[in-house]
There are 2 protein chains.
Amino acid sequence: MELLLIGEVANAAGVSVDTIRHYERVGVLRDVARDASGYRRYPPHTVERVRMIRRALTLGFTLDELSRIFRQRAAGKPPCREVRALADRKLAEVEERIAALTTVRAALVDTLSSWDDRLRDTPDGAFANLFETLMEETK
Amino acid sequence: MELLLIGEVANAAGVSVDTIRHYERVGVLRDVARDASGYRRYPPHTVERVRMIRRALTLGFTLDELSRIFRQRAAGKPPCREVRALADRKLAEVEERIAALTTVRAALVDTLSSWDDRLRDTPDGAFANLFETLMEETK
DNA sequence: GTAGGCCATGGAACCGGTTCGAGGGTCAAG
DNA sequence: CTTGACCCTCGAACCGGTTCCATGGCCTAC
């Protein structure tokens with residue numbers, strides 16, 4: 001089987017070589033064999049591994065969590081139940097953030113409409129003092 | 001009129017004294033008079049100003065943007081229209097983030113259900129290799 | 001006069017993932 | 001033998017808002 005250079009892996013996975021080395025450093029990619037020149041040589045499935053990491057990141061997992069999970073797995077202790085529980089917490093977090101952002105969006109829409117009212121009554125070049133209106137809406 | 005100490009302002013506005021000094025440093029609070037001991041003495045309406053800043057932050061404005069706006073206003077150039085346009089962009093950003101998070105949430109829900117399927121078939125103490133399933137869902 | 005609470009300063013740490021920089025090897029093509 | 005595209009390491013910068021640190025002055029009360 002042909003082993004890949006770091007740049008090939010990076011390219012195929014759509015990340016930078018720095019990112020690959022970073023992943024190794026924090027332990028989500030394991031140390032890999034080196035050729036005579038000291039270059040890292042990766043088995044092809046590493047690309048999938050990197051993509052999997054990226055996907056886990058977008059789902060809200062952190063590199064630190066992934067590294068802990070992989071370490072635990074390498075130690076022969078299947079972390080599946082913990083992983084499942086962790087994903088559950090991620091879901092709760094995402095839902096919280098959506099809720100918070102939805103509130104923000106509503107507030108922003110309100111703010112915009114009140115600003116537009118105010119701007120209609122403010123001649124060009126005058127001060128509408130928009131930010132001063134921010135407080136009344138708070139309550 | 002009684003002037004407030006920094007701790008009093010911080011307390012009333014629900015932030016730390018460090019935050020107040022930070023706001024001064026980045027220019028969202030203007031430099032304020034000092035008493036004989038070198039202590040900052042704030043007019044009471046500063047508390048409202050700090051609350052306004054916090055509210056603007058929750059709406060997605062950055063300290064840097066606020067500082068620019070305040071500077072422009074202090075220079076006699078009403079930034080109202082620009083501020084309005086900026087808020088519009090903030091709204092768009094918030095909506096983008098909500099959309100992104102909604103996608104993530106759906107993916108997470110899918111992931112959880114497929115993991116649960118898999119866990120049902122995996123005896124305790126065995127490896128379910130949950131993360132390996134992450135890629136198929138991508139496409 | 002000393003303890004405890006407030007205030008001052010400038011600079012650094014924190015979060016997490018990524019990128020960049022300096023300084024230096026390896027290798028193939030022209 | 002030089003050019004250019006790779007690769008290596010280790011450490012630091014970046015984003016933004018907040019907090020923390022060391023070091024020191026001020027003020028009140030016991």
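Numbered from 1 within each chain, the chains take letters A, B, ... in sequence-line order.
- Annotation: proximity of residues 28-38 of chain A to DNA chain D (heavy atom, distance under 4.0 Å) is found for A:Arg34, A:Gly38, numbered in ascending order.
- Out of D:dG17, C:dC7, C:dG17, the shortest distance to the side chain of B:Leu57 is found at D:dG17.
- Side chain to side chain, A:Ser67 and A:Arg71 meet the donor-acceptor criterion of an N or O pair below 3.5 Å.
- A salt bridge between A:Asp64 and A:Arg68 is present, with a side-chain N of the basic residue lying under 4.0 Å from a carboxylate O of the acidic one.
- B:Leu59 and B:Leu57 end up in the same hydrophobic cluster when Ile, Leu, Val, Met, Phe, Trp and Tyr side chains are linked at under 4.5 Å.
- Remark: B:Glu65 engages B:Lys90 in a salt bridge, criterion side-chain N to carboxylate O under 4.0 Å.
- Here the side chain of B:Glu95 pairs no donor or acceptor atom with the backbone of B:Ala92 at under 3.5 angstrom.
- Taking only side-chain atoms of B:Asp18, from C-beta outward, the nucleotide of D:dG17, D:dC20, D:dT9 with the closest atom is D:dC20.
- Nearest to the side-chain atoms of A:Arg40 among the listed nucleotides D:dC8, C:dT19, D:dG17 stands D:dC8.
- Within 6.0 Å of the CZ atom in A:Arg81, the count of heavy atoms belonging to other residues, nucleotides or ligands exceeds 12.
- Judged by closest nucleotide on DNA chain D, A:Arg25 is the one of A:Arg25 and B:Tyr23 placed further toward the 5' end.
- Contact annotation: A:Thr19 reaches the phosphate of C:dT19 (side-chain N/O to OP1 or OP2, under 4.0 Å).
- Closest to the side chain of B:Thr62, from the set D:dC8, D:dG17, D:dT19, is D:dG17.
- Taking 3.5 Å as the limit, the base of C:dG25 and the side chain of A:Tyr39 contain a donor-acceptor pair of atoms between them.
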